[in-house]
Amino acid sequence: MLHLVLFLVFALGCVAGAVNLLAQRHPIDSALSLVVVMGSLAGEYLLLGAEFVAAIQVIVYAGAIMVLFVFVIMLLNAGVEERTPGSRVALLLGVPGMLIGSALVVWLLLERSPTPAVAAGALPGPPQTIAWLLFHDYLLPFEVTSILVLIAIMGAVVLASPPATTKKES
Amino acid sequence: MNGSLAMVPQATDYLRVLPEIVLSIFGMAIMFADPLLKERPPRTLGTLALLGSLLALAATWVQAQYPGFAFWNMVRVDAFSVFFHFLIVAVTAVVILTSFEYMEVEGIRAGEYYGLILLGAVGMSLMSSAVELVLIFLALEISSIATYILAGFRRRAAISSEASLKYFLLGSFATAFFLYGVALMFGATGSTSIQVIGAALSSFEVPALAYAGIALMFVGLAFKVAAAPFHIWTPDVYEGAPAPVVGFMSTAPKAAVFAVLLRLMFEAHAPGRIGLIWVVAALSMTLGNLGALVQNNVKRLLAYSSIAHAGYLLVAFAAVPDSGIPAAMFYAASYAAMNVGAFAVVSHFSNAGERYVKIEDYSGLSSSSPLLAAILTVFLLSLIGIPITGGFIAKFYVFSAALQSNLVGLVILGVLNSAVAAYYYLRVIVVMYMREPRGEVPVSAVPAGMGAAMAVSLAATIYLGVLPGRVLDYAGRAVAEWLH
């Protein structure tokens, strides 16, 4: 019972944060709503028994990545979002579309899925289990991620550096 | 399943990802060599990259000697994956050859350029052997992010930055679709391994969630191969990106995504496959060809043509596996051969700053450079699908596979589309042979590297058209080994 109440509290917080993120017109307000979403998700992970993932969620997402978001918003000096006729059309079509889409996903999950619900506290939570998965079963994806990061760094260098001059010009 | 119980990876595990290891090492070596070789021409780094891709080609042969699973069922080496490894690495080598001239003319930062091509090829070749959705997602991201950056390498052309940004934003959106699909598929079957998903989807009643998962993953992957209705980005990106890069990203990453799609559609027993493919293939062929009719820029024309070709290739996906998969594999190979070749010619002809990319610029190329005109003609004829070129055999097998599976409507649509397509390819040939040359367009001599690239593509296009037997046999055996 307590689980259900906690689940509902976090779930409502998560959905409300996500809706508010879209509704706010100032980027900082949206970013702060995202913190609510991330924090509520961490609560849900904890309820599932994934305490390590919950901690990481708070440290990495709600902490580090959010700080990056806020810095970028400040550096770009992003102002209040403007409403254009196009954005009004997007609003008119988007909101019903979103509602229909989420209703469809909920219906799929509730009615037509044979997968039973995951019991509270059922997921592998301790760091040892995560480590075994990360450094054994998923060793190759883990290593491959480093190439992904390397490419991203190279991209930042290439696209941010001033254009190289040709031999003729220098 | 050698080594699946071991605590640490065994030697065979590493041998089964040997091409990827070789490509990564050379990609990083180029980054190290870049500051040391500052005084040398960019050709030196290009040669290093070429050496890396040729060694990776040799590594593919070594890898082929050790079929099986590696890294606890993450990677599966079989004839199917070796086929796509060979294709992707060969395209990488040829594209590096076509880049030698471009680097010098355009003054592009060679270290990052070649490094990104090699590291991007790591992702692409990994996609063809990965059998686990998490790994597929990472490999897909490596290949996509590398191509987003490569599209923006013409730093002094605003159009190139625009291409890069458009590709990045839309591509990230498509990736999100793919990831959501993976999550729903995990929800439906409890696994991200394609084998387990395949077993789950074929044994009991298919959960509706799996349909949603497949549809979303398909949206993400269809974007990457520029299939309609997810093709809007293609003309702008192809127009803005450097010409050799377009030759690369219209072939190697696409072949890799088609390999993933083949595994997903056939090994994972994707539900609702035929309906999904039917609509997307029909739309891609029609929209691609109709769009190409009104283009005046050769790069945009080839962009629309690549949308149409993705459509033809997808026709094979709706067919039965035994004839459809080999047809799709052969099509991917022959499309790579002719398209890399066509972009090599376009890249050489466009000159500094890509000034000459209009169809009118090609006026009278047959008299100013008969050889170049003849080579481009062969590639264009192959893109139409004229006999004795690879394009003909590829289309023939795709359509006959579709006929065997009673997809008459789709075949009729495909044949009609091929007739429409002939018009705009022939228009380029007519301009080259029938018009007076325009004095102001200089045609420089073809340098050795570019000449070698054109020769390899030309040889591959003709070989696949005249003696397709060996490649088709190999593809057939690959499918037999994979699915039976």
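Computed over heavy atoms, backbone and side chain alike; hydrogens, waters and symmetry mates excluded. Given the structure is predicted, the values throughout are model-derived calculations rather than measurements.
Contact of S164(B) with chain A is made through the side chain alone, with heavy-atom distances under 4.5 Å. Within the 4.5 angstrom heavy-atom criterion, only side-chain atoms of F153(B), from C-beta onward, approach chain A. Neither the backbone nor the side chain of L150(B) comes within contact range of chain A; no heavy atoms are under 4.5 Å apart.
Among L139(A), L150(A), L148(A), V157(A), the residue making the largest number of heavy-atom pairs under 4.5 Å with chain B is L148(A).
Nearest heavy-atom pair, M74(B) versus D137(A), reported as atom, atom and distance to 0.1 Å: CE-O, 3.1 Å. Shown here for M154(A) and L119(B), the closest heavy-atom pair between the two residues is SD-CD1, 3.9 Å.
For the side chain to side chain contact (heavy atoms under 4.5 Å, CB included) with L140(A), the qualifying choice from V75(B), V134(B), L138(B), D13(B) is V75(B), the only one to do so.
Atom OG1 of T192(B) is separated from atom OH of Y138(A) by 3.5 Å, given to the nearest 0.5 angstrom. With values rounded to the nearest 0.5 angstrom, E143(A) atom CD is found 12.0 Å from L135(B) atom CG. Distance CD1/I151(A) to CD/E141(B): 10.0 Å, rounded to 0.5 Å. Considering CZ of F71(B) and NE2 of H136(A), their distance stands at 11.0 Å, rounded to 0.5 Å. Between I153(A) atom CD1 and E112(B) atom CD the span is 12.0 Å, to the nearest 0.5 Å.
Between V105(A) and Y180(B) the shortest side-chain heavy-atom distance falls below 4.5 Å. Inter-residue side-chain proximity for V8(B) and F135(A) is flagged as unmet; no heavy-atom pair is nearer than 4.5 Å. When side chains are defined from C-beta on, S161(A) counts as touching R109(B), because their heavy atoms get closer than 4.5 Å. Side-chain atoms of E20(B) and I147(A), non-hydrogen and from C-beta on, never get closer than 4.5 Å to each other.
Atom CZ of F168(B) sits in a sparse spot, with 12 or fewer heavy atoms from other residues, nucleotides or ligands closer than 6.0 Å.
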